[in-house]
Amino acid sequence: MADPATYRPKTGEIPTSPGVYKFRDPHGRVIYVGKAKNLRSRLSSYFQDLANLHVRTQTMVTTAAAVEWTTVSTEVEALQLEYTWIKQFEPRFNVKYRDDKSYPSLAVTVGEEYPRAQVMRGPKRTGVRYFGPYSHAWAIRETLDSLLRVFPIRTCSSGVFKRAAQTGRPCLLGYIGKCSAPCVGRVSAEEHREIVEDFVTFMAGRTDRYIKGLEEEMKEAAKDLEFEKAARLRDDLQALRQTLEKNAVVLGDGTDADVIALAEDSLEAAVQVFHVRGGRIRGQRGWVVDRVEDVDTAGLVEHFMQQLYGSEQGEQGVDTETVPREILVPELPGSLEAITEWLAERRGAKVEVRVPKRGDKAALMETVAQNAKQALVLHKTRRASDLTTRSVALGELAEAIGMDQAPLRIECYDISHLQGTNVVASMVVFEDGLPRKSEYRRFTIKGSDENGATNDDVRNMHEVITRRFKAFLKEQEEEKLIDETTGERKKFAYPPQLVVVDGGQPQVAAAARALADLEISDVTLVGLAKRLEEVWLPDDDDPVLLPRSSEGLYLLQRVRDEAHRFGIAFHRQKRSKSMVASALDDVPGLGEVRRKALLAHFGTLRKLRAAQVAEIAEVPGIGPATALQIHSALAELPASRAVNAATGEILEGGESRTGPDEE
């Protein structure tokens with residue numbers, strides 16, 4: 001580990017102009033590339049006290065052994081040079097987006113003498129016009145098949161084309177009218193290119209003008225009594241409209257835009273892009289990235305736009321329409337002016353980058369964001385289910401915390417409450433790196449202060465660890481690990497090799513005291529602090545910092561997040577039950593069965609209070625007299641308030657729904 005002071009340049013040597021800088025390791029390899037509007041200000045920030053740096057930045061500056069820079073004239077030039085160097089050196093500490101699948105596109109080889117339409121994957125080529133990408137290759141073939149009767153362009157391979165030209169006979173598509181057969185001279189190269197240009201124009205989204213032209217031509221043919229021609233044009237119009245119906249209009253103003261949304265956590269991020277042309281979704285793509293550098297959402301958006309629009313045009317120089325007129329993002333990049341100017345240069349026209357606030361565009365952004373969330377969940381699920389990855393994760397974890405063997409059973413504990421009320425704890429179990437949900441347990445914390453609240457997380461952690469392992473010792477003492485009635489092992493029959501608690505030193509110390517009081521010494525204990533993902537061991541003053549790309553850290557984070565999710569769900573059920581039940585318990589003549597029926601019908605106490613007597617009487621089991629009593633009793637109650645734990649919103653009348661009864 002290098003000391004940054006050994007290679008820190010003198011402040012006066014660093015220019016104040018825009019530029020791009022590179023950090024190199026002792027072997028001369030570039031490990032990080034960055035840009036700055038003011039090089040002196042930016043580089044000085046890396047050489048402050050290490051304790052003030054983010055853990056990822058700490059790792060980078062202590063891995064590096066030298067820093068160098070290149071000055072440029074403008075921030076836009078810095079943006080371009082940064083992208084070029086990232087592509088050239090592939091630095092390990094820079095964000096690198098990887099496509100979550102190889103999406104196919106509809107490609108037209110406009111650079112050839114006889115252009116061909118086909119399905120293409122992989123890097124874009126010069127002289128090829130791309131449309132899409134699409135989710136499935138069959139979707140491209142289906143669209144192309146519908147359009148060939150209107151635009152009979154070549155789709156065959158070079159071998160088939162040459163063979164047809166030699167024999168003088170076209171392929172089957174030429175005979176059935178889905179190819180103009182330039183191979184045998186039915187149309188000239190110029191006539192075939194005109195058909196191709198019409199096809200490209202239609203696929204680019206300029207459909208209304210083409211359809212209107214066909215309609216006028218059909219009417220003219222019918223007026224001139226050319227009924228066969230009119231019938232053919234009618235069929236062509238029907239085929240075009242069927243194709244357009246498959247691409248629903250999402251933006252009624254015919255906007256050309258790319259809609260970008262992200263879903264992220266502290267280790268990874270997923271990006272989804274919807275390509276909207278002419279108001280219709282023409283393609284969708286997704287990427288996943290490891291967050292190896294300290295970058296916020298705005299930074300992720302900026303890096304992503306560099307890689308998306310830089311790679312599609314900067315290297316291949318293909319389609320100027322790849323950069324649309326409008327780019328919708330969840331958060332504006334920090335270098336907005338430079339990014340906008342750079343995009344405008346690549347498009348050759350003005351480009352607007354903005355965050356949609358309301359209307360159809362904001363609604364579409366929500367849809368794209370949901371796709372990003374699903375993509376991130378799917379990526380994590382696939383990653384966690386891979387046997388090799390799980391083995392690596394367990395091995396890395398065992399080595400990092402000093403275990404003799406991999407922890408095949410991991411238990412994680414989390415405390416959940418709202419300002420000290422309805423305190424609960426959760427226990428989740430992972431066996432061989434996978435969740436074992438049948439082993440999950442929930443605890444209602446019993447200890448409380450004189451006000452009935454239990455907001456001491458350290459004491460609560462001590463209580464739940466004590467209760468869990470007391471139950472284990474009791475079952476071991478009785479030597480009855482299998483339930484005789486069900487044939488299954490009892491709740492706490494087996495001990496874990498590793499216990500993880502959500503928290504830092506205080507929570508770990510409390511759990512360690514609980515285990516020591518019970519004389520349990522063969523269970524390894526760690527805590528995972530969320531702020532910097534630090535791993536704390538009992539009696540250690542310094543945490544263990546696992547690499548951000550470590551599979552062991554990813555497994556620990558997943559276990560901790562699952563415990564948090566499970567605990568929050570139980571807490572919300574407890575809170576909902578206490579809020580609503582307290583309001584209806586005092587209503588005369590209302591038993592538990594009819595109370596549940598009321599809540600199932602109206603959903604919330606506020607809606608029940610707002611209901612008229614006749615509406616209450618519609619609930620099964622509630623007659624007019626009982627409905628009148630309920631209405632009168634609720635009218636006399638003061639308005640109750642609740643707090644939505646997810647948003648912090650104050651809810652009048654107990655908005656939360658009730659959950660199932662809990663022990």
Side-chain angles (χ1 to χ4, degrees), residues 99-158 160-161 171 173-174 176-180 182 192-211 236 239-250 254 256-259 272-287 308-309 311-313 315-324:
D99 212 331
D100 60 2
K101 62 178 74 173
S102 179
Y103 286 93
S105 296
L106 172 57
V108 182
T109 56
V110 293
E112 297 182 359
E113 182 183 6
Y114 296 98
R116 173 193 177 194
Q118 63 185 106
V119 178
M120 274 193 182
R121 298 178 186 266
K124 289 183 169 57
R125 307 173 189 173
T126 303
V128 180
R129 185 73 181 271
Y130 292 88
F131 300 97
Y134 290 75
S135 299
H136 304 284
W138 59 261
I140 302 177
R141 296 187 181 97
E142 188 178 84
T143 299
L144 187 58
D145 185 65
S146 300
L147 294 176
L148 284 179
R149 62 169 292 112
V150 186
F151 306 103
I153 63 177
R154 172 194 163 205
T155 58
C156 60
S157 65
S158 298
V160 173
F161 187 87
C171 64
L173 293 179
I176 64 177
K178 289 193 173 182
C179 179
S180 55
H192 182 260
R193 183 165 292 278
E194 288 179 5
I195 299 173
V196 170
E197 289 174 355
D198 286 342
F199 174 77
V200 167
T201 300
F202 183 85
M203 290 300 299
R206 294 186 284 276
T207 58
D208 292 342
R209 183 175 59 186
Y210 192 84
I211 288 179
D236 290 349
L240 292 179
R241 287 180 175 132
Q242 286 177 348
T243 301
L244 291 175
E245 286 172 0
K246 295 174 183 177
N247 295 318
V249 175
V250 292
D256 289 347
D258 283 350
V259 188
Q272 286 282 313
V273 180
F274 279 18
H275 301 284
V276 180
R277 300 295 182 267
R280 291 180 167 87
I281 298 175
R282 298 293 186 180
Q284 173 189 359
R285 298 176 72 184
W287 290 259
L308 174 64
Y309 300 114
S311 62
E312 290 191 351
Q313 290 192 283
E315 294 179 354
Q316 289 79 24
V318 289
D319 183 5
T320 56
E321 292 185 0
T322 300
V323 179

* Asked: Ignoring hydrogens and geometry, is there a side-chain-to-backbone donor-acceptor pair from Tyr130 to Arg125 under 3.5 Å?
  -> yes
* Indicate yes or no for a side-chain donor-acceptor contact from Thr109 to the backbone of Arg116 under 3.5 Å, with no hydrogens or angles considered. => yes
* **Qualifying residues under ring-ring contact (aromatic ring centres under 6.0 Å, His included), relative to Phe274, sequence neighbours excluded** => none
* Structure fact -> Closest heavy-atom pair, Leu106 versus Ala117, reported as atoms and distance to 0.1 Å, is CD1-CB, 4.5 Å
* Asked: Do the side chain of Arg154 and the main chain of Tyr114 share a donor and acceptor less than 3.5 angstrom apart?
  -> yes
* **Inter-residue atom distance Leu173.CG - Ile153.CD1, 0.5 Å rounding** => 11.5 Å
* Asked: Going from OG on Ser180 to CD on Glu194, what distance comes out if it is rounded to the nearest 0.5 angstrom?
  -> 11.0 Å
* Distance from Phe161 atom CZ to Thr155 atom OG1, nearest 0.5 Å? -> 11.5 Å
* Specify the closest pair of heavy atoms between Gly177 and Pro152, including all atoms of both residues, with the distance to one decimal. => O-CB, 4.1 Å
* Step by step, work out the side-chain contact (heavy atoms from CB on, under 4.5 Å) result for Val108 and Val196. => CA-CA 8 Å; Val108 182; Val196 170; 3.8 Å; yes
* To do: In plain terms, say whether Glu113 and Arg193 are close enough for a salt bridge, that is, a side-chain N and a carboxylate O under 4.0 Å apart.
  => no
* Atom pair CZ/CD1 of Phe151 and Ile195 - distance to nearest 0.5 Å -> 10.0 Å
